Structures are given as structure tokens and as C-alpha cells.
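Quick note: numbers below take in every heavy atom, side chains included, and nothing from hydrogens, waters or symmetry partners. Per chain, numbering begins at 1; letters A, B, ... match sequence-line order. Just so we're clear, the structure is a prediction, and the values are computed from it rather than from any experiment.
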2 protein chains.
Amino acid sequence: MNKLDAVIKHAEQQCKTNGARLTDKRKQVLSGLVQSNKALSAYELVDYCETAFSARIPAMSVYRILDFLESEHLVHKLNIANKYVACAHISCDHAHGTPQFLICKKCSTVKEVSISQSTILELKQTVTDADYQLISPQLEINCLCAQCA
Amino acid sequence: MNKLDAVIKHAEQQCKTNGARLTDKRKQVLSGLVQSNKALSAYELVDYCETAFSARIPAMSVYRILDFLESEHLVHKLNIANKYVACAHISCDHAHGTPQFLICKKCSTVKEVSISQSTILELKQTVTDADYQLISPQLEINCLCAQCA
DNA sequence: AATAAAATGTTATGTTATAACATAACCTAT
DNA sequence: ATAGGTTATGTTATAACATAACATTTTATT
């Protein structure tokens with residue numbers, strides 16, 4: 001089974017478990033992100049669905065679908081780029097922690113990496129010391145990929 | 001001397017050293033950021049200059065001015081919020097490293113903090129291992145401030 | 001089949017940002 | 001002092017990202 005099918009199957013299963021539905025359009029949007037090697041904007045996903053599936057999904061719907069996929073932890077929003085990526089661990093069985101992203105500023109390719117628990121703890125401590133409350137320790141780091149560098 | 005005057009004086013000196021000019025409009029935009037306790041968007045700065053100085057600066061110019069102030073290291077862009085803050089260290093004499101920001105997602109108040117050198121080194125190593133190249137180790141962390149929490 | 005809930009469509013508009021070209025302000029060398 | 005280049009700002013248009021509000025369609029359940 002290829003990667004895409006495996007991911008979609010896992011995603012479907014996961015939605016079912018949560019009593020949510022992975023509809024055709026949601027599958028199409030998720031496919032776009034899984035197949036892409038880089039982060040895509042909502043409007044790029046509109047184009048992808050049109051091209052790949054002849055499905056004309058309005059931008060508004062894509063945003064809603066992205067919200068849904070995020071809520072199911074199938075997709076991450078990269079705030080520094082205003083783009084979206086599929087979670088790199090959809091078809092892993094183990095649960096996974098907070099993702100960290102290296103984002104190529106030129107071409108939007110993304111690598112989802114892990115930093116050590118101790119570093120995360122230190123960041124949390126820094127936040128606590130500053131009298132702030134952490135929403136998510138997701139880090140997004142501006143980089144250049146090997147290609148673009 | 002109050003904080004604002006001190007900052008502007010330092011900023012002026014710093015620009016002079018670099019052969020750059022801190023014009024009136026640039027001062028006004030910088031003032032807006034220094035006086036604000038939170039990050040502001042370019043359009044909020046347009047409003048600020050109108051209100052505070054009766055200076056109608058077009059959005060286009062504010063963006064250019066922000067670019068300039070960034071290039072002089074007087075201002076930081078917070079990419080996850082699409083807003084801008086004055087550098088917290090303009091009137092410090094010592095040079096300072098890469099800034100890290102805690103950003104309140106509700107009200108955009110910002111705290112500029114430092115993380116340990118060892119953490120920064122670990123992040124750099126993570127990036128290198130992933131065959132990426134770091135543009136800047138600036139971290140921006142989504143939080144809630146004490147007020148909003 | 002009737003109903004309620006969920007998903008999607010539609011239209012309008014808000015927000016952030018840049019492109020392209022015009023004009024004004026300011027140095028600096030003659 | 002002024003001609004000519006450089007820097008700064010103005011103007012207009014438009015691109016790119018995002019949400020609000022309300023309508024319709026689809027799906028699941030009784």
C-alpha cells in the first residue's frame with residue numbers, strides 16, 4: 001500500500017474513533033497536503049483539488065476543512081508561513097508529542113522534527129517564569145532547505 | 001529623561017553610526033511601538049500616527065518604515081502574529097543575542113525573553129542534523145498573558 | 001418520511017502585504 | 001547655489017490570507 005492510501009486509511013480510522021467523518025472533500029484536502037512535499041496555503045489547496053480531482057472547493061470550505069483536520073490532529077498550521085502541512089505521524093501507531101517545524105523560507109518545504117524533552121521543559125520554565133501560560137510548545141523555525149541554501 | 005526619549009535618542013545615535021537617517025515618520029512609527037505595551041500591526045500603526053501626531057502615513061510607507069527599522073535592529077517582526085514590536089534592548093549598551101518572544105494570543109502583549117545558550121545550540125544542532133540552514137534562531141511562542149489566562 | 005445535526009455553498013468583507021510607478025526631500029560635488 | 005544622484009515618501013492598484021453571516025444540501029436517526 002502506498003503512503004497516501006495508508007495515511008488516508010489511518011485518518012479515516014482515527015476520525016471514526018472520534019465520531020467524526022472524513023468526507024470526500026476532507027480527504028481531497030488532506031491528500032493535497034500528504035502528497036505535497038511542502039506547506040501549502042488554503043488557496044493553493046483550492047487549486048490542487050481543482051487540478052487533481054476536478055473538485056471546485058471554495059476557499060471558505062477549505063479553511064473550514066483545514067480547521068476540522070487540525071482539530072483531528074491530522075494537519076498543522078504553520079503560523080509563521082500562513083500555510084498548512086499534514087502531520088508527519090498520521091500513520092505511526094505511537095502517540096507523539098508536540099511537533100517542531102523547520103520551514104524553508106524560500107520554497108516552504110517543511111521538516112517535522114523533535115527536540116529533546118529537556119529543551120521543552122526549559123522552554124516551559126521560561127514561560128512560567130515570565131508569568132505567561134503556554135498554549136502550545138510548537139516551535140516554527142525559519143530556515144533554508146539544502147536545495148535553496 | 002523618560003523611556004521614550006531615551007530610546008529615540010539611542011535609536012538616532014545608532015542610525016547615525018550606520019549612516020542611516022531616523023526621519024520624523026520613522027520616529028513616529030518607532031514611538032508607536034515603544035509606547036505600546038503590545039505588538040501592533042502596520043495598520044494599527046497607521047492609526048496610531050494619525051491619532052498621536054495627526055500624521056497620515058500611508059500603509060505602504062509604514063511597511064517600508066518597518067522594514068527599515070528592522071534592518072536597523074530597532075524593531076522585530078513577530079511572524080506568528082503578523083505584528084511588530086520595538087526591540088526591548090534599544091537603550092541597553094550591551095549587544096544582545098537572538099530574541100525570543102512570548103506572545104499573548106488574545107491581546108498581543110509580548111515579552112522578550114532569553115533562553116540559554118545551550119538551548120540555542122541544541123536547536124542549531126537539530127537544524128543542522130536535518131540538513132537545513134538556520135536563518136535566525138528567533139523563537140515565537142504562542143501564550144496567554146497573566147491577564148488573559 | 002420527518003427531523004435534527006453536520007457539512008458545504010454563497011456572498012460579502014476584513015486584514016495583511018507587495019508591486020509599480022510618481023514625486024519630494026536631502027546630500028554632495030562642482 | 002545648483003545640478004544631479006540618492007534616499008524617502010506618496011499614490012494607486014492589487015495580491016494573498018482569512019472570517020462573518022446566512023443559505024442550502026447531505027447525512028444520520030427516529
Side-chain angles (χ1 to χ4, degrees), chain A residues 11-12 15-16 18-30 32-33 38-50 53-72 74-85 103 105-108 140 142, chain B residues 11-12 15-16 18-30 32-33 38-50 53-72 74-85 103 105-106 108 140:
Chain A
E12 221 152 18
C15 286
K16 207 179 224 170
N18 299 341
R21 277 182 294 155
L22 192 65
T23 63
D24 283 354
K25 315 221 161 192
R26 287 169 175 176
K27 262 185 221 171
Q28 289 168 341
V29 169
L30 181 57
L33 291 177
K38 56 178 197 144
L40 298 177
S41 73
Y43 286 84
E44 286 169 335
L45 283 163
V46 170
D47 293 344
Y48 172 85
C49 290
E50 167 79 57
F53 309 112
S54 305
R56 279 185 307 293
I57 310 181
M60 185 68 256
S61 294
V62 170
Y63 276 107
R64 280 189 291 227
I65 287 169
L66 288 168
D67 285 347
F68 168 83
L69 294 172
E70 261 200 287
S71 75
E72 295 292 324
L74 298 167
V75 156
H76 302 290
K77 170 162 193 190
L78 303 179
N79 293 297
I80 68 171
N82 297 316
K83 290 180 192 293
Y84 303 81
V85 283
I103 305 168
K105 200 159 191 173
K106 263 206 189 136
C107 71
S108 295
E140 304 174 26
N142 268 320
Chain B
E12 221 152 16
C15 286
K16 206 178 223 169
N18 299 341
R21 277 181 294 155
L22 192 63
T23 64
D24 283 353
K25 315 220 161 195
R26 287 168 175 176
K27 263 185 221 172
Q28 289 167 341
V29 170
L30 180 57
L33 291 178
K38 54 178 197 143
L40 298 177
S41 73
Y43 287 84
E44 287 169 335
L45 284 163
V46 169
D47 294 344
Y48 172 85
C49 290
E50 167 79 57
F53 309 113
S54 304
R56 280 186 306 292
I57 310 181
M60 184 69 257
S61 293
V62 170
Y63 277 106
R64 279 189 290 226
I65 287 169
L66 288 168
D67 285 347
F68 168 82
L69 294 172
E70 262 200 287
S71 74
E72 294 292 324
L74 297 168
V75 155
H76 302 289
K77 170 160 193 192
L78 304 179
N79 294 297
I80 68 170
N82 297 315
K83 291 181 191 293
Y84 302 82
V85 283
I103 305 168
K105 199 157 190 174
K106 263 207 189 131
S108 294
E140 304 174 26

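- For the pair B:Ser61 and D:dG10, the criterion of a side-chain N or O lying under 4.0 Å from OP1 or OP2 is met.
- Considering NE2 of B:His76 and CG of B:Leu33, their distance stands at 11.0 Å, rounded to 0.5 Å.
- With the nearest nucleotide of DNA chain C identified for both A:Asp24 and B:Lys83, A:Asp24 has the one nearer the 5' end.
- A:Phe68 comes within contact range of no nucleotide atom at all, as no heavy-atom separation falls under 4.0 Å.
- Between the P atom of C:dT16 and the CD1 atom of B:Ile65 lies a distance of 18 Å, rounded to the nearest Å.
- The shortest distance between the side-chain N/O atoms of A:Tyr63 and the OP1/OP2 oxygens of D:dT19 is not below 4.0 Å.
- Taking atom CD1 of B:Ile57 as the reference point, atom P of C:dA24 lies 18 Å away to the nearest angstrom.
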Please walk me through it: do B:Leu30 and B:Val75 pass side-chain contact (heavy atoms from CB on, under 4.5 Å)?
CA-CA 8 Å; B:Leu30 180 57; B:Val75 155; 4.0 Å; yes
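- Distances shorter than 4.0 Å separate some side-chain N or O of B:Lys77 from OP1 or OP2 on C:dA17.
- Each of A:Ala20 and B:Asn82 was matched to the nucleotide of DNA chain C holding its nearest heavy atom; the match closer to the 5' end belongs to A:Ala20.
- Taking CZ from A:Arg26 and CZ from A:Arg64, the interatomic distance works out to 10.0 Å, rounded to the nearest 0.5 Å.
- To the nearest 0.5 angstrom, A:Leu78 atom CG is 4.0 Å from A:Ile103 atom CD1.
- The main-chain N or O of B:Ile80 is found under 3.5 Å from a side-chain atom of B:Glu140 such that the two form a donor-acceptor pair.
- Once rounded to the nearest 0.5 Å, the distance linking OG1 of A:Thr23 with CZ of A:Phe68 reads 7.0 Å.
- Going from atom CD of B:Glu44 over to atom P of C:dA17 covers 11 Å, rounded to whole Å.
- Atom C1' of nucleotide C:dA7 and atom CD of A:Gln28 are separated by 14 Å, given to the nearest angstrom.
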So if I define the base as every atom that isn't primed, P, OP1 or OP2, how would nucleotides 20-30 of chain D read as a B/S/- string at a heavy-atom cutoff under 4.0 Å?
B------SS--
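- Taking atom CG of residue A:Leu78 and atom P of nucleotide D:dC17, one finds them 13 Å apart after rounding to whole Å.
- Atoms CG (B:Leu40) and C1' (C:dT15) sit 15 Å apart, rounded to a whole Å.
- With rounding to the nearest 0.5 angstrom, the NZ atom of A:Lys77 is 9.0 Å from the CG atom of A:Leu66.
- Phosphate contact (OP1/OP2 of D:dG10, side-chain N/O of B:Arg56, threshold under 4.0 Å): absent.
- What separates OH of A:Tyr43 from P of D:dT19 is a distance of 10 Å, to the nearest Å.
- For the pair A:Arg21 (side chain) and A:Cys15 (backbone), a donor-acceptor distance under 3.5 Å is absent.
- The phosphate of C:dT16 has OP1 or OP2 within less than 4.0 Å of a side-chain N or O from B:Ser41.
- Whole-Å rounding puts the A:Glu70 CD to D:dT19 P distance at 10 Å.
- Of all heavy-atom pairs spanning A:Ser108 and A:Lys38, the tightest one is O-CB, 3.2 Å.
- Note that the two end axes of the helix from C:dA1-D:dT30 to C:dT30-D:dA1 enclose an angle of 20°, each drawn from 5 base pairs, rounded to 10 degrees.
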Donor-acceptor pairs under 3.5 angstrom involving side-chain atoms of residues 41-48 of chain B: please list them, not counting sequence neighbours.
from	atom 1	to	atom 2	distance (Å)
B:Ser41	OG	B:Tyr43	N	3.4
B:Ser41	OG	B:Glu44	N	3.1
B:Glu44	OE1	B:Ser41	N	2.7
B:Tyr48	OH	B:Gln35	OE1	3.4

